[in-house]
Chemist: 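Structure incoming, see below.
Both counts, for ligands and for their atoms, begin at 1 and track the order of listing. Here the structure is a predicted model, which means the values were calculated and not measured.
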Amino acid sequence: MTAVCFGLASGILAAFIKSKPTRRDKGIMRYQGIIFDLDGVICFTDKYHYQAWKALADEIGVYFDETINNRLRGVSRMASLDIILERSEKEYTQEEKEQMAAKKNEVYRGLLQQMSEADLSAEVKETLDVLRASGAKLAIGSSSKNAKLILGRIGLGDYFDAISDGTNITHSKPNPEVFLKAAEFLGLDPKDCLVVEDALAGIEAAVAGGFDGAGIGEAATHEKVSWPIKTFADLKQIQGA
Ligand code: BG6
Ligand code: MG
């Protein structure tokens, strides 16, 4: 009798679970939090990084081109310098490397002064507004120590609910630290957040942290990406917004 009752109860439960509408069917947002990489997702700073690293590479006589620059996406400043110095015949001390990175950063920050609200596309701004209206909390998860400067230049200085960037982490992508901190700042669990990335290392970091990843550009080709997207506006469909 007990076994029959149990069987009946679990049958009813199974039927309920099967027929229960998913959050998406009900038109409710899929993710409670969305964490955006900055460079290459919200805006484009690649050309400024390139110009600043190129000036340094030329000064020390090391070959550098745009293909090498592509390898620096999502990688911290010091790790980027190490990649550039792979082609150097000279060994540099830690102090010399820090001086070189500081010099590059000075040039880079000077170039960032050219950025303005015109560098925030209407598509990105409209999509962010729609995602926010869906009820999701929005955060930045960027390896850059210049994230706040860049956000200010493009008019998003006060826009996000949280900013996790190069100033609050010790390990850069593919380590998940920057995204885990962003989720913590939002007060959300990684499984309830989506990470949006353009770099393979960024998707790697998202997956390692227990997040779903939406990949744009090269990141859309990552085998572990949950949502390969073609345009930023595609995020609205993912969220059901
Ligand atoms: C990432 C960029 O967002 O920030 C990398 O994709 C960059 O290219 C890294 O090296 C660190 O940036 P910053 O501004 O701290 O030198
Ligand atoms: Mg990026």
Chemist: Hey, mind stepping through D82 and K97 against salt bridge (charged side-chain N to carboxylate O under 4.0 Å, His left out) and telling me if it holds?
Modeler: CA-CA 9 Å; D82 284 336; K97 285 196 209 173; 3.1 Å; yes

Chemist: Quick check: do I140 and I42 have side-chain heavy atoms less than 4.5 Å from each other?
Modeler: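 I140 reaches I42 side chain to side chain.
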
Chemist: Have N146 and N105 got a donor and an acceptor in their side chains that come within less than 3.5 Å?
Modeler: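 Per modelled atom types, N146 and N105 side chains form a pair under 3.5 Å.
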
Chemist: In the shown structure, where waters are left out, how many protein N, O or S atoms lie under 2.8 Å from the Mg ion (ligand 2)?
Modeler: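 The number of such protein atoms is 3.
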
Chemist: What residue pairs, at least two apart or across chains, pass ring-ring contact (aromatic ring centres under 6.0 Å, His included) with a residue in residues 99-153?
Modeler: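 For residues 99-153, and leaving out neighbouring residues, the ring-ring contact (aromatic ring centres under 6.0 Å, His included) pairs sorted by first residue read H49-Y108.
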
Chemist: May I have all residue pairs that pass salt bridge (Lys or Arg N to Asp or Glu O under 4.0 Å) and include part of residues 53-64, sequence neighbours excluded?
Modeler: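 Applying salt bridge (Lys or Arg N to Asp or Glu O under 4.0 Å) to every pair that reaches into residues 53-64, excluding sequence neighbours, yields K54-D58, E59-K103.
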
Chemist: Please tell me whether F179 and F36 form a close aromatic pair, meaning their ring centres lie under 6.0 Å apart.
Modeler: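 Aromatic pair excluded; centres sit 6.0 Å or further apart.
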
Chemist: Which N/O atoms of ligand 1 sit under 3.5 Å from a protein N/O, and at what distances?
Modeler:
| from | atom 1 | to | atom 2 | distance (Å) |
| --- | --- | --- | --- | --- |
| ligand 1 | 3 (O) | D39 | OD2 | 2.7 |
| ligand 1 | 6 (O) | G74 | N | 2.7 |
| ligand 1 | 8 (O) | L72 | O | 2.9 |
| ligand 1 | 10 (O) | V75 | O | 2.6 |
| ligand 1 | 10 (O) | S80 | OG | 3.3 |
| ligand 1 | 14 (O) | S144 | OG | 2.7 |
| ligand 1 | 14 (O) | N146 | ND2 | 2.7 |
| ligand 1 | 15 (O) | R77 | NH2 | 3.0 |
| ligand 1 | 15 (O) | K145 | N | 2.7 |
| ligand 1 | 16 (O) | R77 | NE | 2.8 |
| ligand 1 | 16 (O) | R77 | NH2 | 3.4 |

Chemist: Can we say K145 and D165 salt-bridge, meaning some charged N sits less than 4.0 Å from an Asp/Glu carboxylate O?
Modeler: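 Salt bridge absent between K145 and D165.
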
Chemist: Is it true that D234 and T231 share a donor-acceptor pair across their side chains at a distance under 3.5 Å?
Modeler: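 Side chains of T231 and D234: pair found under 3.5 Å.
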
Chemist: Identify the two heavy atoms, one from I35 and one from C193, that lie closest to each other, and give their separation to 0.1 Å.
Modeler: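 In terms of heavy atoms, the two residues are closest at CD1-CB, 4.2 Å.
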
